[in-house]
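I have placed the structure first, in the form of structure tokens, so that the comments after it can refer back to it.
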Amino acid sequence: MKFVETHLTKQHLFHTPHRWFLAFLISPLHAAEMHYKNKYHLTFRHAKKLFVFDILLVGIIIFLSISSYAWYTYDPTVRNLVFVSITSPQDRVESGEYTSHTITAQNNSDVTLTNPVMTLRLPKGFVTDKVESELGAYTGEHTLTFPNIHPGGVVSFTIFGWFYDVPDTHNSIGAVFSYTQLGREQQEIVARESHTILRGSTLTTDITVSESILGFGKSPFQIVLTNTGEQPLKDISLPLPKDTSFRMDGAETKTGTLIGDVWSITELAPKETAELSGTITSKLTQTIPIYTLSLTPEIGVNGTRIQQKTVEKNIKVAHPQATITSLWENQVTTALPGTTKTLI
């Protein structure tokens with residue numbers, strides 16, 4: 001380029017710096033033109049035409065790349081502008097406790113959402129009591145339908161019930177919100193999950209046993225199950241240890257039945273307790289200084305067996321030993337005929 005050759009000089013740098021700076025900016029184009037001229041041994045005129053043609057090809061490639069990226073990344077949905085949340089007023093929940101969860105959907109887009117439907121995914125141990133909503137219609141199977149949601153509109157509902165699950169493990173409650181944009185036919189879905197850890201259980205287990213037992217011997221025990229909640233617990237079972245070296249024999253109870261190694265209770269009313277007592281028969285070797293007794297009750301909810309909080313009891317195991325030693329009095333080593341010696 002003649003402009004670059006004329007103005008990219010020291011003289012123009014001091015006298016017309018703006019032209020020098022412009023020539024500096026377009027100098028890569030001038031260098032590319034010179035590259036074509038020298039490499040292909042063409043005249044400057046032909047090199048310039050070839051350079052323009054290649055620049056045009058590069059521009060087309062860039063345009064197609066940008067267009068393809070925009071085409072594949074274009075999202076006509078408004079999922080990013082529809083917010084679904086799950087909240088609960090209780091920070092700490094026990095298994096078997098009465099709880100509530102509020103599910104809210106908010107339309108922050110500029111289009112109307114039609115045919116909105118909210119479906120809940122609840123744990124198998126959740127027993128629904130009721131569902132409350134000002135706008136939604138409960139259709140059963142944990143599904144609600146709502147009227148059209150206009151831009152800025154909010155819909156919500158609250159589900160109440162008893163939450164049963166394995167304590168101290170992650171439990172999730174999910175919500176799936178489906179809708180279609182006004183004037184469109186494609187259904188869109190927004191899903192959210194809320195994680196909860198149940199701390200403890202309304203079914204408590206207490207073990208009464210001696211702090212120390214004999215490695216080979218017998219010792220009494222007592223197990224007490226208590227329903228601390230406000231709802232009856234049904235289909236309770238408590239498996240006893242099956243270890244042949246640690247047996248709970250001769251167990252008796254006034255509540256439920258004991259079949260084999262399983263204590264079963266049909267129903268335990270609120271604030272009611274059940275007791276099981278018997279004798280521990282231990283046959284523990286000297287390599288066991290402490291025996292850990294572990295009991296995990298189970299309850300039946302919605303046709304599913306759900307384990308409750310495990311209770312452990314560390315029992316010291318005593319292994320008494322007797323050793324007999326003897327010495328001759330005065331440490332004598334021989335005895336003459338007719339003499340008497342004493343062994344102590």
Side-chain angles (χ1 to χ4, degrees), residues 1-9 12-13 16-86 103-121 135 143-156 172-195:
M1 289 182 180
K2 187 174 295 185
F3 182 84
V4 176
E5 294 176 349
T6 302
H7 295 88
L8 194 62
T9 62
H12 284 82
L13 174 62
T16 55
H18 60 285
R19 293 186 179 182
W20 180 91
F21 183 69
L22 180 60
F24 174 76
L25 292 179
I26 62 177
S27 60
L29 298 178
H30 174 71
E33 286 182 346
M34 297 305 297
H35 170 75
Y36 274 85
K37 179 180 179 180
N38 296 329
K39 183 174 182 180
Y40 297 105
H41 303 285
L42 301 175
T43 64
F44 176 77
R45 184 178 180 182
H46 292 165
K48 185 175 182 180
K49 291 180 179 180
L50 184 59
F51 172 74
V52 172
F53 177 73
D54 286 348
I55 289 296
L56 180 62
L57 289 180
V58 172
I60 293 175
I61 293 174
I62 294 175
F63 173 77
L64 291 177
S65 299
I66 295 175
S67 300
S68 299
Y69 177 78
W71 175 264
Y72 286 108
T73 58
Y74 173 67
D75 186 6
T77 69
V78 293
R79 285 193 294 261
N80 294 332
L81 298 175
V82 176
F83 296 98
V84 177
S85 63
I86 304 174
I103 296 85
T104 303
Q106 182 174 356
N107 179 15
N108 290 334
S109 68
D110 56 357
V111 298
T112 299
L113 307 182
T114 63
N115 302 318
V117 178
M118 183 76 76
T119 302
L120 279 181
R121 293 194 298 244
L135 300 176
T143 300
L144 284 91
T145 58
F146 297 94
N148 292 349
I149 307 175
H150 299 287
V154 178
V155 296
S156 65
S172 63
I173 295 178
V176 178
F177 183 59
S178 61
Y179 59 89
T180 55
Q181 297 183 42
L182 183 64
R184 296 175 59 91
E185 297 182 356
Q186 184 178 1
Q187 187 184 62
E188 300 175 15
I189 293 176
V190 178
R192 291 291 183 272
E193 277 194 352
S194 173
H195 296 274

Report task. Carefully, step by step, assess Y179 and V117 under the rule side chain to side chain contact (heavy atoms under 4.5 Å, CB included). Result -> CA-CA 6 Å; Y179 59 89; V117 178; over 6 Å; no
Query - side chain to side chain contact (heavy atoms under 4.5 Å, CB included) assessment of F177 paired with L144 - result: CA-CA 10 Å; F177 183 59; L144 284 91; over 6 Å; no
Query raised in the report: Would N107 and V154 satisfy side chain to side chain contact (heavy atoms under 4.5 Å, CB included), going step by step from the backbone distance to the final call?
Result: CA-CA 6 Å; N107 179 15; V154 178; over 6 Å; no
Report task. Quick one: do V111 and L182 satisfy side chain to side chain contact (heavy atoms under 4.5 Å, CB included)? Show the steps, please. Result -> CA-CA 7 Å; V111 298; L182 183 64; 5.7 Å; no
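Remark: the backbone N or O of N148 is not paired with any side-chain donor or acceptor of T114 at under 3.5 angstrom. Judged by distance alone, the side chain of E188 and the main-chain N or O of V78 form a donor-acceptor pair under 3.5 Å. Using a distance-only test at 3.5 Å, with no hydrogens or angles considered, a donor-acceptor pair links the side chain of Q181 to the main chain of P76.
Minimum interatomic distance between F146 and S156 (heavy atoms only, all atoms of both residues): CE2-O, 4.1 Å. Nearest heavy atoms, R121 versus V176: NH1-CG2, 3.2 Å. Nearest heavy atoms, I103 versus M118: CG2-CE, 3.6 Å. The minimum heavy-atom distance between S109 and P151, with the atom names listed, is O-CB, 3.2 Å. Taking every heavy atom of both residues into account, E193 and G174 meet most closely at CG-CA, 4.1 Å.
A distance of 10.5 Å separates CG in N115 from CD1 in I149, rounded to the nearest 0.5 Å. The OG atom of S178 sits 4.5 Å away from the CD atom of Q187 when rounded to the nearest 0.5 Å. Here the straight-line distance linking atom CG of L81 with atom CG of D110 works out to 8.0 Å at 0.5 Å rounding. Atom CD1 of I60 is separated from atom CG of L64 by 7.0 Å, given to the nearest 0.5 angstrom. S67 contributes atom OG, which lies 11.5 Å from atom CD1 of I62 (distance to the nearest 0.5 angstrom).
Taking 4.5 Å as the limit, some side-chain heavy atom of V82 sits within range of a side-chain heavy atom of L113.
Within a 6.0 Å sphere centred on CZ of R19, heavy atoms belonging to other residues, nucleotides or ligands number 12 at most.
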